Amino acid sequence: MTVEEQYMDALYPEDPVLERVKANIRELGMPEISVAPNYGRLLTLLVNLSGARQVLEIGALGGYSGICLARGLAEGGSLVSLELEEGYAAVAKRHLTEAGFGDRVSYRIGEALDSLAQLEREGAKFDFFFIDADKENYPNYLEWAIRLANPGAVIAADNTLLRGRTVNPDKNGPSVLAVRRFNEQIAQDERLQSAMLPAYDGLALAMVK
Ligand SMILES: C[S@@+](CC[C@H](N)C(=O)[O-])C[C@H]1O[C@@H](n2cnc3c(N)ncnc32)[C@H](O)[C@@H]1O
């Protein structure tokens, strides 16, 4: 975390629920790649501002961002979260339950692309999307989000800078190429209104017109 991010986080009181989630993730030896505290607060704020009732998360890990998203849900709203690893989804479910959202979250385990196709078959539509899984599929996830969006839905995506690799012309691996394509798509797609922030590891925001 940068000094500026640390400064801004220190302005807020500790969040024991989310601190515990981070500690558990560390103890369980899971990857420590949950969103940062202030980033999580932004997710809560965005879900709240958008009035979203149906939220879709792609990439659950231990449920840190899931709790942040669920905290912003409108009355009666719910979160669907897609996760490849069954063990991670179980940890996330436990954390969401401990945070009081157990009855408002459901997990779909397996390849997110399969779960997205299944959600379409079920006629599911969403008001808010948080994309935070494998980078190679970011362009696909964007297309799926647009397909599953209610009018006015918000799309947020993490890691659009890939720790500088996105803007380094010497880096051209599959993740980098996919994220560059995703960034161009989100900036230029006429179905979207969007903006990008260089905060944290890069945050893209869009609204489906
Ligand atoms: C960066 S972590 C998510 C962090 C989480 N959003 C948070 O901030 O608390 C990415 C997650 O995506 C999952 N993932 C990776 N590839 C996936 C795929 N093809 N389908 C579904 N989930 C996937 C990983 O297992 C991992 O848990």
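Side chains are part of it too, since the values below use all heavy atoms of this structure and drop only hydrogens, waters and symmetry mates. Start at 1 and go down the list; that is how both ligands and their atoms are numbered. Everything numeric in this text was worked out from a predicted model, so none of it was measured.
Atom 22 (N) of ligand 1 has as its closest protein heavy atom Leu84 N, 3.1 Å. The shortest contact between atom 20 (N) of ligand 1 and any protein heavy atom is with Ala112 N, 2.9 Å. Regarding atom 16 (N) of ligand 1, its nearest protein heavy-atom neighbour is Asp134 OD1, 3.3 Å. The nearest protein atom to atom 10 (C) of ligand 1, hydrogens excluded, is given as Asp132 O, 3.1 Å; this is a heavy-atom distance. Scanning the protein for heavy atoms near atom 7 (C) of ligand 1, the closest one is Ser65 OG, 3.0 Å.
A distance-only check finds a donor-acceptor pair linking the side chain of Lys93 to the backbone of Gly102 [under 3.5 Å].
A salt bridge links Glu143 to Arg191: one of the charged nitrogens lies within less than 4.0 Å of a carboxylate oxygen. Under the 4.0 Å criterion applied to side-chain N and carboxylate O atoms, Arg20 and Asp15 are not assigned as salt-bridge partners. Ion pairing between Lys125 and Glu120 fails under the 4.0 Å rule for side-chain N and carboxylate O. Between Arg180 and Glu184, no side-chain nitrogen of the basic residue sits less than 4.0 Å from a carboxylate oxygen of the acidic one, so the salt-bridge criterion is not met.
Residue Glu32 qualifies as enclosed at atom CD: its count of foreign heavy atoms under 6.0 Å is above 12. In this structure, Met196 places its CE atom where more than 12 heavy-atom neighbours from other residues, nucleotides or ligands lie under 6.0 Å away.
In Tyr64, the parts holding a heavy atom less than 4.0 Å from any atom of ligand 1 are both the side chain and the backbone. No part of Ser115 comes within 4.0 Å of ligand 1, judged by heavy-atom distances. The proximity of Tyr39 to ligand 1, defined as any non-hydrogen pair under 4.0 Å, does not occur for either the backbone or the side chain.
Near Glu85, with a cut-off below 4.0 Å to any heavy atom, the atoms of ligand 1 are 25 (O). Near Val35, meaning under 4.0 Å from any of its heavy atoms, are these atoms of ligand 1: 7 (C), 8 (O). In summary, the atoms of ligand 1 found under 4.0 Å from a heavy atom of Tyr88, numbered by their order in the structure, are 25 (O), 27 (O). Proximity to Ala133 (heavy-atom distance under 4.0 Å) selects the following atoms of ligand 1: 12 (O), 14 (N), 23 (C).
The residue from Phe130, Phe129, Phe126, Phe128 that alone fulfils the side-chain contact (heavy atoms from CB on, under 4.5 Å) condition with Glu57 is Phe130.
In this structure, the separation between CG on Leu56 and OH on Tyr141 is 10.5 Å, given to the nearest 0.5 Å.
Residue Phe130 has no nitrogen or oxygen atom sitting less than 3.5 Å from a nitrogen or oxygen atom of ligand 1, judged on distance alone.
Close to ligand 1: Gly110, with a non-hydrogen atom less than 4.0 angstrom away.
Cation-pi geometry between Arg41 and Tyr12 is satisfied (NZ or CZ under 6.0 Å from the ring centre, within 45° of the ring normal).
Proximity annotation for atom 26 (C) of ligand 1: of Glu111, Glu83, His95, Glu83 comes nearest, heavy atoms only.
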